[in-house]
Structure formats: C-alpha cells, structure tokens
There are 2 protein chains.
Amino acid sequence: MASYTEENYLKALYNLANPQGEVSISDLANSLNVSMPTANSMVKGLQKSDLVLYEKYKPVTLTPKGKKEAALVVRKHRLTEMFLVKKMGFGWEEVHEVAEQIEHIHAPKFFERMDEMLGHPTIDPHGSPIPDNQGRMQEFSYVPLSTCKPGQSVQLTALTNSSTEFLEFLNSRKLALGTELRILSREAYDLSVVVSYDSHAQETLSEKVSERLLVRILE
Amino acid sequence: MASYTEENYLKALYNLANPQGEVSISDLANSLNVSMPTANSMVKGLQKSDLVLYEKYKPVTLTPKGKKEAALVVRKHRLTEMFLVKKMGFGWEEVHEVAEQIEHIHAPKFFERMDEMLGHPTIDPHGSPIPDNQGRMQEFSYVPLSTCKPGQSVQLTALTNSSTEFLEFLNSRKLALGTELRILSREAYDLSVVVSYDSHAQETLSEKVSERLLVRILE
DNA sequence: CAAATTTGTTAGAATGATCTAACATATTAC
DNA sequence: GTAATATGTTAGATCATTCTAACAAATTTG
Ligand SMILES: [Mn+2]
Ligand SMILES: [Mn+2]
Ligand SMILES: [Mn+2]
Ligand SMILES: [Mn+2]
C-alpha cells in the first residue's frame, strides 16, 4: 500500500500529466516543493512498486495501476471537499488544505458514506470531476472564459486554479459556480474581459482571472 | 509540532498513566506494539521537546505541556467518534480505527465545526469524557458493574474496553449506553452477574463482561 | 539475600524521505 | 554547431522510526 508521501507523488503525477501522460522530474519536484534528487529517488521507488514507468532522462508516466491509485486519492480529496462544503458548512476557499490531509485516510467505508450522504456527486466544489470508485473520471469540455467572444452568454462551471486567494477574489465579486455571464467586450490592450451577471451590470476581469474561469457556452 | 508518531506516543502515555501519572517503558512499548528500545528512544526524543519527564530506569511522566497536547489529541479522537456515530450513521463498534487516523489531522476549524454540529458533547459514543479545547477533562465516578450488589438498579454509562469484539457482543445483547439494569443475582463460583433490562427478563454476564461495564447507581 | 526473572538500555543496523554538492545530459540560443 | 542554460543523476549525508542482539539494572522469588 502506498505511503502518505507516495500518495502525494501519485496525485501530483496524475494532475501534472500532459496529454501523453508524461511529467518531467522538475515539474514533479516543483509541484511537491522537494528537490529534484528527492523526486528522482522517489520515482525510482514508485517504479519498483509498478506504479510508474521511468527511464533515465525521460519523463515519468503512471502505469494503469498507478493511475488508478492516484485517481482514487483524487476521489477521496474531492469527496472530502464536497462533504466539507455541503455537510459541514465550510466555504469553497477553506477546504483544500484539510482535504490534502484527509485524502490519506485509509477507511473505505468513511468515504463511501460521504459519497452516499452527498448523493454520489460527480463534481467537487471547484467544478472538478470526481473519479468513480473504480478510478474512472469523466471528461468535460469546458473552455476558458478568456477564449470566448463578446456577445456570448456562458455559465461558470469550473476553475483551473483553486488557490485560496483566487477563490477569495471570486467571493468578493460574488462569482460562484453556476453564475451566468454575458460577455460585453474584450479589451485588446490587456486582454481583460468585461462581463455582466446577476446584479453586476459591468465587471472587468483581468486576463489572469478570465483564463482561470472555465465556462459552458449557453448561446 | 508533534509528528503523527509522537502524537500516538503522547496519547498512549496519557491513557496508560497510573494515578501518579507514571508509565513504564514496557507498558508503553506493549500498547503501541513496538519494541522496548524503540519506545525508549522515542521517549528520549519527547523529552528533548519538553513533552515528558524521564530518567533512566524510571517510569515516564508527561509534562503539563505533553499532557495538554495528549488531551487535545484525545479530544480530536473522541469528537471524531461522536461525529461518525451521530452525523454519519456509523455503529459505535466501527469508529475507533478511523478515529485513530483522523485524530492526527491538523485543522482546528474542522474539529471546532464537528464540536458545534454535535452541540459540544462531553462524552464519546463509548461513554468516555471528551477533554475541552484547553485539554481539561472532567472526571466521572462510575463503578464497574462487577462491584454492584444484587437488588441494585444501575444505568450503563461507559465502558473500560471499546474493542470491536466487545462492542459487537454488547450489540448482540442489545446493551447500549443508557440501558437501565436490575441486578438479580451474582454467582459466587465464577462471579458472573444475572441482570434484567428492557425486554430481557434474565441475562447472564460473565465477570469479564461485568468488569468492563461502568454504571451509575440509580437506587 | 542470592538466584531467577523481568524490565530497561546500548549498540548497531535498516528503511523512507529528505537535503546539498558535484557531475552529466539535453535543450536552447546565438 | 558550439556555448550557455536548463534539466536530471549520483554520491553522500541527515533525521525519524523502527528492529535485533547483547548487556545492565531492578524486582521478585525461594
Ligand atoms: Mn483541492
Ligand atoms: Mn495530500
Ligand atoms: Mn476510540
Ligand atoms: Mn492515532
């Protein structure tokens, strides 16, 4: 069984994988705030347990076994976040750090019960999909708000970044998942986007913000 | 901050302490399923962090700081067990192992929220007191059923053992906290006790069982 | 109280996870 | 296509937690 630390490596590999499933040692090390030699040596260990494929100087890839284990940790993380928000009254900006710990609890019934109580949710409080209990995750095809055109109506469905700071920024603008936005214009100079929603007649979102907001196009 | 392992040592010391607050290395090692040299070396580490008092060949004692830290871990354990039973529908026999893990989560708000949702409970599902958020624990003066006399009426209030097997045995006899028992007789030969309660007109409890049941005397 | 037993300590080693310093390979820029 | 830069690896060390084997102190027993 993977250790606490190994689970964090698997999850990082899962989240960092490019379309070919590859992750560089430097990205891995960076994401986990460890040195490259540390990441390198851990990867060798994961390889011994058949959780990753790895050759010197090549990027790392999860094996099917590793990918499933990773997805199941992600499942625990996202179910936990959903539970904290829906059943314990936490804000979406306060749940990530706790979930980062609770995802390592070994107690299948605990998470099954959360899942039941939540009615088998398919997305977490930040709009990210929750893998099923076999580790399968559905794909959504949402687009960043930054790629939308003036005149379009869209619905905020997910985020590409869920840092506390970003979530607090969204709170301050009363932007939540489900919010419907109309794109009024786009500033060519700084790529900021002007939108209206709810009682906000006009709100300007910087490029940095708009590229982190994933939306479903309504019309 | 104490590590996961250190927290388990502190908790064991807290639970094993005799009236003078002392714990032998062998009891500590035994309780944690580690060798005596391991316990010995960990105790030296705890001493460096001012969590225990210790001299070669003498029993170990928690410092006030160590005792408080231990009590706060016990608090998290017991709040968790209560939450699992009252808010998530688990049986009292299934919560200890999960709580053993969740007690190490570092997230004050998570446990504060549990406490609130539970209405600031003072006992856990097995009748053990929950220390307050300063680590203070109230003393109860319950007596083992085995010390009671025939003719007495008592109420089951706590347990001195909370193993899954024992709890399942109690479930099978429909014995729960709060059950009122009348002591019908006591067998001199094997010290078993015959009691009646609810719809059970006559139930024989072995000495092993009756000394693990803590009761409050009603009359 | 001396012997036997139990309890506790030291020494030495292993494993997992981490680091820094030094070196090697790969990629990018000129 | 070499030089500079970025990326990756090896070596060697540290720290926490654990072990077994050997020895030492304390306690119990006859
Ligand atoms: Mn998260
Ligand atoms: Mn984590
Ligand atoms: Mn317990
Ligand atoms: Mn524990």
Side-chain angles (χ1 to χ4, degrees), chain A residues 1-14 16-18 20-62 66 69-70 73 100-101 103-106, chain B residues 1-14 16-18 20-62 66 69-70 73 100-101 103-106:
Chain A
M1 199 147 46
S3 70
Y4 191 109
T5 308
E6 286 174 324
E7 286 186 345
N8 280 335
Y9 277 83
L10 291 176
K11 199 158 63 85
L13 289 168
Y14 187 84
L16 295 172
N18 69 14
Q20 290 80 59
E22 300 167 336
V23 181
S24 70
I25 296 283
S26 81
D27 283 357
L28 181 61
N30 236 297
S31 153
L32 292 164
N33 289 303
V34 296
S35 67
M36 282 203 294
T38 298
N40 182 269
S41 115
M42 282 300 297
V43 161
K44 286 177 180 173
L46 293 172
Q47 190 185 26
K48 281 231 181 65
S49 317
D50 277 315
L51 294 165
V52 304
L53 296 173
Y54 168 66
E55 282 176 90
K56 256 195 197 185
Y57 296 105
K58 294 264 179 65
V60 191
T61 318
L62 287 168
E69 273 213 38
V73 177
E100 202 56 53
Q101 298 175 63
E103 68 190 1
H104 304 290
I105 301 289
H106 291 293
Chain B
M1 197 150 44
S3 69
Y4 191 110
T5 307
E6 285 174 324
E7 286 185 347
N8 280 335
Y9 277 83
L10 292 176
K11 198 157 63 88
L13 290 167
Y14 186 84
L16 294 171
N18 69 14
Q20 290 80 57
E22 299 168 336
V23 181
S24 70
I25 295 283
S26 81
D27 284 356
L28 180 62
N30 236 297
S31 153
L32 292 165
N33 290 302
V34 298
S35 68
M36 283 202 295
T38 298
N40 182 268
S41 115
M42 282 298 298
V43 162
K44 288 177 178 172
L46 293 171
Q47 189 185 26
K48 281 233 182 66
S49 317
D50 277 313
L51 295 164
V52 304
L53 296 173
Y54 169 67
E55 282 177 273
K56 259 196 198 187
Y57 296 105
K58 294 265 180 63
V60 191
T61 318
L62 286 169
E69 272 213 38
V73 177
E100 202 56 54
Q101 298 175 63
E103 67 190 2
H104 304 292
I105 301 287
H106 292 293

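Lettering of chains follows the sequences in order, A, B, ..., and the numbering in each one begins at 1.
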(request) Of all the heavy-atom pairs spanning B:Y4 and B:E100, show the shortest one and how long it is. (result) OH-O, 4.2 Å
(request) Round to the nearest Å and state the distance from B:K56 atom NZ to D:dA24 atom C1'. (result) 9 Å
(request) Look at the side-chain N and O atoms of A:Y54 and state whether any lies under 4.0 Å from the OP1 or OP2 oxygen of D:dG8. (result) no
(request) Name the nucleic acid region contacted by A:K44, choosing base, sugar-phosphate or nothing; use a 4.0 angstrom heavy-atom cut-off, strictly under. (result) sugar-phosphate
(message) I need the minimum non-hydrogen distance between A:M36 and A:S26, along with the two atoms involved.
(response) SD-CB, 3.6 Å
(request) Please list residues of residues 28-39 of chain A whose heavy atoms come under 4.0 Å from any atom in DNA chain D, ordered by number; otherwise none. (result) A:M36, A:P37
(request) Could you tell me whether A:Q20 atom CD has more than 12 heavy atoms of other residues or ligands within 6.0 Å of it? (result) yes
(message) Tell me whether A:E22 contacts the main-chain N or O of A:P59 through its side chain, where contact means a donor paired with an acceptor under 3.5 Å.
(response) no
(request) Using a 4.0 Å heavy-atom cut-off across all strands, classify B:Y4 as base, sugar-phosphate, or nothing. (result) nothing
(request) Round to the nearest Å and state the distance from A:K58 atom NZ to D:dT9 atom P. (result) 11 Å
(message) Would you compute the distance between atom CG of A:L62 and atom NZ of A:K11 and round it to the nearest 0.5 angstrom?
(response) 13.0 Å
(message) Looking at every heavy atom in both A:L13 and A:V23, which two are closest together, and how far apart are they?
(response) O-CG2, 3.5 Å
(request) Grab the CG-P distance between A:N40 and D:dA11 for me, whole Å please. (result) 12 Å
(request) Measure the spacing between NE2 of A:H104 and CD of A:E6 and express it to the nearest 0.5 Å. (result) 11.5 Å
(request) Would you grab the first and last nucleotide of DNA chain C (5' to 3') that comes under 4.0 Å of any non-hydrogen atom in chain A? (result) C:dA17 to C:dT25
(request) Between A:E6 and A:Y57, name the one whose nearest nucleotide on DNA chain C is closer to the 5' end. (result) A:E6
(message) On a heavy-atom basis, which atom in A:L10 and which in A:G66 lie closest, and how many Å separate them?
(response) CD2-O, 4.3 Å
(message) For A:S35, run the side chain to side chain contact (heavy atoms under 4.5 Å, CB included) check against A:N33, A:L32, A:T38 and tell me which one passes.
(response) A:T38
(request) Could you check whether A:S41 gets within reach of a base, just the sugar-phosphate, or nothing at all, counting any heavy atom under 4.0 Å? (result) base
